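Working notes for the structure below.
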Amino acid sequence: VDSTYPGLQCRRFLGSIKNFIEDFVVTEIDIYGQHVKTAAAAQTPGRAPSDGNDRTRREYKEDSHSSASQDTDVLLDWGEDDPLPSLGSLDLGVILGQSVSEELEQFVLTLRDKNPPELELSLGSFADKHQRASVHRAVRHRFPFLMTVTIQPEIRVREDPDYRELSQLVKEDEAEDFFRFIDAKVRGSSYTFGPDDNKEHRTAVHHFLNRRFGKLVETKSFSDQGRTSISVRLRERGRPKKRSAEERKEEEVYTAFTLCKENLETLEAISYMAAALGVLPSDFTYAGIKDKRAITYQSMVVKKVSPQRLKEKNAEFAKRGMRVSQVRSVSEPLRLGRLQGNHFDLVVRDLRPHGAGDTHSSGSDLHTRLAALVKEAVDNVKTRGFVNYYGPQRFGSGQSVQSDRVGLALVKEDMVSAVRLFFTPEEGDDPQSHAKRHFLQTDNAKESLALMPLSKPRERLMLRALNRYGTGPDGCIQAWLSLPHSMRIFYPHAYCSRVWNEAAAHRLTTMGHSVRRGDLVWLREGQNKMEDARETSMIHVVTDKEEQEGIYKLEQVVLPMPGNTVKYPENAMGAWYQERLARDGLEDCRFRVSSLKLNLPGCYRPLLAVPHKLRYQLQRAASREGGRAMTDSDSLTLTLNFDLDSSCYATICLREIMKCDP
């Protein structure tokens, strides 16, 4: 049992969850307190609703290396409402299909290694113009050195000769960034090359840029602290041609909908929908992300897609385990965190009391004993709540090296160690572990990239950067920078979450369940503490008099996540934080990683969480034999229904009820 979850040794009963995909259903609660799921959306994607006795439901089973894959995929490490990583670099496999995406990867490797003249690759035919636009944008964003050419309806790629010429004049990463700048065509934007004190060389760069992009940009040299650089700015008249009224109207269209997905990451679902609609994944906005191993309902808004067009794709979405409902026009995108919480419908199967002696009781005695245990457990959580720990998915449960250890190395700016921890393989010889093991043994990023499955985008992005920039400290910095910011920040956040969990355990173990002098409390009643978790002005330090008079309750106590803007408790817990951070070598930490553009301001998290509207039902499990429904009197099933505030973990609530690891 993990020591950061105290009390689990005192187990009430055992059971199993997620035996079937329907056993874990998550429904988002909007800011008005309404469940986003409606009767129209309540049907599971791709099949009729179950009648309750239907035992032909699909079991949730992964392949032989499911545990490793589940916890190392991009999104499964994240809490239920944590920000979703940037999607721009992850959707090529969905848009092009796995086989074509693999061909493109090999094409790029061949292009870089052998530099053959006039080499081309066909990406296939795309009849829909929106899909063609999506392919062009995704390929150019991912590989700015490629040129995409449409010979309707086929799209072909080859090396951009302008890129090749520029990369001989400036650094390769500067050439890539410049071409991304040109493709973006953001009004009033500029791009600055690195310092260059060679006037003749600067003149050659100026001449090239003006010869090839003179209609789009203007260039100038400027000096800063004795060093001279070239700055490039988009010309006003170089903007894309004026859009028609119809195009402008399409850009301003926002369509809201409820998404029901089954056994899909939020990232996967958005990528599938973007490919089908011919838009970018970044055109989708959402209030929070949801579990993969579940049926989930959540609000989303998509830009540049009309309600009618979205509805027309519903049959196609259903084939992927998705369904959209409540489709309607709105005036703006959805903001991350704009939700009240989540509603959970959970089923725990094969209930049995903890302890060998209990399992030998007669059937009726066993059921009576379990009924008493369940009632006691549910009443306890209703009354007292549970410790608001971050769930194991926050740290990558099941991984040989958990995410918080990678995060600690990043916070300490030990980039090489962070990379090697990131590539620590799991036991076994699945393709991902084999590729990681090969990298650690050989330091050969190129060969490891060829071995790494396409389904592992983070690993592939980093290996590609390590192959280009080397595996030393500078190369490792470039490897981390190859990941979107929201992916990079996840690892330091995981470390801070681990410290928070340990702080919560220490606070309750050493200071009890009363509010003490020096504790931090949240002042505003009835508000979601997580929504304004960085507002230090809402935090009050408990005085000696307030402790004696019992002014505050334990559920008002918050603990800080380490960072550079939070205040710490002014009691023994403040000293504990200092000692805990010093133990990891962070006594003087600024919680900034400048080389990776990461800042960790910290936040405040309530010590306790309380489930709302908690209900339960205990019943005998049903099974099917010969087409007839049977009752297995020796097996009980527990159904739980409850609401949680955003950023709270249902698995932690379930741990408290069962006092074990379900």
Side-chain angles (χ1 to χ4, degrees), residues 86 88-89 105 107-116 139-147 157-186 189-214 216-234 413 415-416 419 443-446 449 460-485 488 593-598:
S86 170
S89 59
E105 293 276 354
F107 173 80
V108 168
L109 289 174
T110 302
L111 202 62
R112 286 301 177 88
D113 291 345
K114 301 177 181 178
N115 202 20
V139 171
R140 289 283 296 177
H141 179 80
R142 175 65 194 87
F143 303 112
F145 48 84
L146 293 181
M147 173 186 291
V157 294
R158 57 176 177 260
E159 185 181 34
D160 190 328
D162 289 336
Y163 174 89
R164 179 187 295 184
E165 187 172 348
L166 181 61
S167 64
Q168 292 170 354
L169 292 171
V170 300
K171 294 179 181 178
E172 193 168 356
D173 59 329
E174 289 182 325
E176 288 195 9
D177 289 343
F178 172 78
F179 271 75
R180 288 194 177 100
F181 159 75
I182 287 292
D183 284 341
K185 294 184 175 66
V186 178
S189 63
S190 62
Y191 176 78
T192 302
F193 291 93
D196 182 359
D197 296 327
N198 185 322
K199 185 175 181 180
E200 290 184 4
H201 183 260
R202 291 199 308 271
T203 300
V205 175
H206 279 294
H207 285 171
F208 168 78
L209 295 174
N210 286 303
R211 174 167 50 87
R212 299 305 301 158
F213 303 101
L216 278 176
V217 304
E218 56 186 20
T219 68
K220 68 175 182 178
S221 294
F222 70 97
S223 296
D224 183 25
Q225 297 181 349
R227 305 295 305 276
T228 304
S229 301
I230 295 175
S231 176
V232 185
R233 187 175 67 85
L234 280 177
E413 301 196 54
M415 301 302 166
V416 175
V419 165
D443 222 31
N444 191 319
K446 180 180 177 181
L449 177 62
R460 292 182 63 83
L461 285 170
M462 292 186 69
L463 286 170
R464 194 177 289 112
L466 290 166
N467 179 45
R468 180 179 302 171
Y469 299 107
T471 56
D474 291 340
C476 288
I477 289 174
Q478 293 301 320
W480 286 110
L481 286 173
S482 72
L483 298 181
H485 178 273
R488 297 198 300 273
V593 187
S594 300
S595 59
L596 300 188
K597 304 174 185 176
L598 299 180

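Being a predicted model, the structure only gives us computed values, none of them experimental.
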Sequence neighbours excluded, which residues qualify as ring-ring contact (aromatic ring centres under 6.0 Å, His included) partners of Phe145?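 Checked Phe145 against ring-ring contact (aromatic ring centres under 6.0 Å, His included); matches are Phe143, Tyr163.
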ring-ring contact (aromatic ring centres under 6.0 Å, His included) partners for Tyr469, two or more places apart: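 Tyr469: no ring-ring contact (aromatic ring centres under 6.0 Å, His included) contacts found.
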Under the rule for salt bridge (charged side-chain N to carboxylate O under 4.0 Å, His left out), what residues qualify as partners of [X], not counting sequence neighbours?
X	value
Asp173	none
Arg180	Glu176, Asp177
Glu165	Arg211
Glu413	none

What verdict does the side-chain contact (heavy atoms from CB on, under 4.5 Å) test give for Asp162 and Phe179, after you've listed the backbone C-alpha separation in whole Å, the side-chain angles of each residue and the deciding distance to 0.1 Å? CA-CA 10 Å; Asp162 289 336; Phe179 271 75; 3.9 Å; yes
Working note: Asp443 + Leu466, criterion side-chain contact (heavy atoms from CB on, under 4.5 Å); need CA distance, chi angles, decisive distance, verdict. CA-CA 9 Å; Asp443 222 31; Leu466 290 166; over 6 Å; no
Would you name the heavy atoms of [X] and [Y] that are closest together and state the gap between them?
X	Y	value
Leu146	Phe107	CD2-CE2, 3.9 Å
Ala175	Val170	N-CG2, 4.0 Å
Val217	Phe181	CG1-CE2, 4.4 Å

Say you draw a straight line from [atom1] of [X] to [atom2] of [Y]; how long is it, rounded to the nearest 0.5 Å?
X	Y	atom1	atom2	answer
Ser231	Glu218	OG	CD	9.0 Å
Ile230	Thr219	CD1	OG1	6.5 Å
Leu166	Leu209	CG	CG	6.0 Å
Lys446	Asn467	NZ	CG	7.0 Å
Asn210	Leu216	CG	CG	11.5 Å
Ser482	Arg460	OG	CZ	12.0 Å

Who passes side-chain hydrogen bond (donor to acceptor under 3.5 Å, both in side chains) against Glu174, sequence neighbours left out?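 With sequence neighbours excluded, Glu174 shows a side-chain hydrogen bond (donor to acceptor under 3.5 Å, both in side chains) to no residue whatsoever.
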Are Asp160 and Arg140 close enough, and set up right, to give a side-chain contact (heavy atoms from CB on, under 4.5 Å), and what steps lead you there? CA-CA 10 Å; Asp160 190 328; Arg140 289 283 296 177; 3.5 Å; yes
Test side chain to side chain contact (heavy atoms under 4.5 Å, CB included) applied to [X] - qualifying residues, sequence neighbours left out:
X	value
His201	Leu169, Asp196, Asn198, Val205
Gln168	Arg164
Lys597	Arg488
Thr228	Asp197, Arg202, Ser221, Ser223

Close side-chain approach of Val419 to Met462, heavy-atom, < 4.5 Å: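 A side-chain contact exists here, since the closest heavy-atom pair is under 4.5 Å.
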Do the side chains of Val593 and Met415 get nearer than 4.5 Å, heavy atoms only?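 Counting from C-beta outward, Met415 and Val593 do come under 4.5 Å.
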Centroid-centroid distance, Phe193 to Tyr191, less than 6.0 Å: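 Yes.
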Using distance only, find each side-chain donor-acceptor pair of residues 474-481 under 3.5 Å and give its atom names and separation, not counting sequence neighbours.
none

